[in-house]
Amino acid sequence: MTAFDEVLDVVPGDRAVAVRNVPGTLHVFATHFPRFPVLPGVLILDDIVRAARLAAPRLPRGSRWVLAEARRVRYRHFAEPGDRLEISVKVTEATESSVTFKAAVGVGGRDITTIRQLRLEKGEVTA
């Protein structure tokens with residue numbers, strides 16, 4: 001899973017909304033779990049971080065936003081093959097070196113994952 005299927009809204013420095021379709025052909029489903037396939041929470045968190053980078057203020061060349069912390073993360077329901085995840089992030093605080101967000105991932109209008117505090121910090125791009 002490397003890119004969103006669709007980006008619905010991006011306002012740098014404010015918010016972003018993106019969509020990820022969960023295909024049943026992902027290799028992770030063979031082991032997580034064969035009889036009850038669910039998308040691992042860490043992959044959902046990765047999608048949230050990617051959406052947060054879209055919503056974060058632009059950085060100069062050679063810098064990028066990196067995950068610093070995720071607090072009050074709640075996995076409320078499973079993401080299964082065939083689901084359409086809508087990932088929404090909203091900037092709650094921004095400084096020159098860090099950005100804090102609230103985030104939610106929904107399926108069919110129901111939140112399956114929420115994060116009350118996600119913080120990205122400015123980092124340097126390494127070759």
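From a predicted model like this one, the values you see are computed outputs, not experimental measurements. For the single chain, residues carry numbers from 1 onward in sequence order.
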J.: Please assess L120 against T100 for the test side chain to side chain contact (heavy atoms under 4.5 Å, CB included), listing each intermediate value before the final yes or no.
T.: CA-CA 6 Å; L120 302 182; T100 305; over 6 Å; no
J.: Quick one: which residue pairs count as a side chain to side chain donor-acceptor pair (under 3.5 Å) with a foot in residues 7-18, not counting sequence neighbours?
T.: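 Every pair satisfying side chain to side chain donor-acceptor pair (under 3.5 Å) with a residue in residues 7-18: D9-R15, D14-K90.
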J.: Considering only NZ, NE, NH1 and NH2 on the basic side and carboxylate oxygens on the acidic side, decide whether E6 and R84 come within less than 4.0 Å.
T.: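 So E6 pairs with R84 through a salt bridge.
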J.: What do the steps show when you test Q117 against E69 for side chain to side chain contact (heavy atoms under 4.5 Å, CB included), and what is the final call?
T.: CA-CA 8 Å; Q117 185 179 11; E69 74 177 328; 4.0 Å; yes
J.: With heavy-atom distances below 4.5 Å as the criterion, would you say the side chains of R119 and F101 are in contact?
T.: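 The answer is no, as the side chains (C-beta and beyond) never meet within the 4.5 Å cut-off.
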J.: Between atom CZ of R72 and atom NZ of K102, what is the distance when rounded to the nearest 0.5 Å?
T.: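 Going from the CZ atom of R72 to the NZ atom of K102 covers 10.0 Å.
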J.: Decide yes or no for F29 and V22: does some side-chain heavy atom of the first lie under 4.5 Å from some side-chain heavy atom of the second?
T.: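 Yes. Closest side-chain heavy atoms under 4.5 Å.
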J.: Can E124 and S63 be said to form a side chain to side chain contact (heavy atoms under 4.5 Å, CB included), step by step?
T.: CA-CA 4 Å; E124 300 304 314; S63 298; 3.7 Å; yes
J.: If you count the non-hydrogen atoms of other residues, nucleotides and ligands that lie under 6.0 Å from CZ in R53, is the total more than 12?
T.: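 It does: R53 CZ has more than 12 such atoms within range.
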J.: With a 4.5 Å limit on heavy-atom distance, are the side chains of P12 and P57 in contact?
T.: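 Not in contact.
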J.: Check whether any side-chain heavy atom of L118 lies under 4.5 Å from a side-chain heavy atom of L67, and answer yes or no.
T.: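 Of all side-chain heavy-atom pairs linking L67 with L118, at least one is under 4.5 Å.
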J.: Out of curiosity, L85 CG to T113 OG1, how far, rounded to the nearest 0.5 Å?
T.: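 Between atom CG of L85 and atom OG1 of T113 there are 8.0 Å.
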J.: Any side-chain heavy atom of T114 sitting closer than 4.5 Å to one from R76?
T.: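 They are in contact (side-chain heavy atoms under 4.5 Å apart), so the answer is yes.
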J.: Taking the side chain as everything from C-beta on, heavy atoms only, tell me whether K122 gets closer than 4.5 Å to W65.
T.: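 A side-chain contact exists here, since the closest heavy-atom pair is under 4.5 Å.
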J.: Flag the pair V99 / T92 as yes when at least one side-chain heavy-atom distance between them is below 4.5 Å, and no otherwise.
T.: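 No, side chains not in contact.
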J.: Could you see if V7 belongs to whatever hydrophobic cluster contains V91? Use Ile, Leu, Val, Met, Phe, Trp, Tyr and a side-chain cutoff under 4.5 Å.
T.: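 Yes, same cluster.
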J.: Measure across P81 and G24 and return the closest heavy-atom pair with its distance rounded to 0.1 Å.
T.: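 Closest pair (atom of P81, atom of G24, distance): CB-CA, 3.6 Å.
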J.: Given the rule that I, L, V, M, F, W and Y join up when any side-chain heavy atoms are under 4.5 Å apart, are V66 and I48 in one cluster?
T.: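 Unlinked, V66 and I48 end up in two clusters.
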J.: For residues H77 and R110, determine if any side-chain heavy atom of one lies less than 4.5 Å from a side-chain heavy atom of the other.
T.: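 Contact flag for H77/R110 side chains = yes.
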J.: Give a yes or no on whether I87 and V38 share a hydrophobic cluster (residues Ile, Leu, Val, Met, Phe, Trp, Tyr; joining criterion: side-chain heavy atoms under 4.5 Å apart).
T.: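 No: no chain of side-chain contacts under 4.5 Å links I87 to V38.
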J.: Counting N and O atoms only, with roles assigned by atom type, does the side chain of D47 sit under 3.5 Å from a partner on the main chain of I44, one being a donor and the other an acceptor?
T.: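 No; judged by distance alone, with no hydrogens or angles, the pair does not exist.
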J.: Tell me whether V28 is reachable from F4 by hopping between hydrophobic residues (I, L, V, M, F, W, Y) whose side-chain heavy atoms are closer than 4.5 Å.
T.: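 Yes, F4 and V28 fall within the same hydrophobic cluster.
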J.: Would you check, one step at a time, whether the test side chain to side chain contact (heavy atoms under 4.5 Å, CB included) holds for E86 with V105?
T.: CA-CA 5 Å; E86 186 170 302; V105 178; over 6 Å; no
J.: To the nearest 0.5 Å, tell me how far L26 CG sits from L39 CG.
T.: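 Atom-to-atom, L26:CG and L39:CG are 7.0 Å apart.
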J.: When you measure from the side chain of Y75 to the backbone of I112, do you find a donor-acceptor pair of N or O atoms at a distance under 3.5 Å?
T.: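 Answer holds: no.
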J.: Quick check on the hydrophobic clustering: are L59 and L54 connected, directly or via other members, by side-chain heavy-atom contacts under 4.5 Å?
T.: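 In one cluster: yes.
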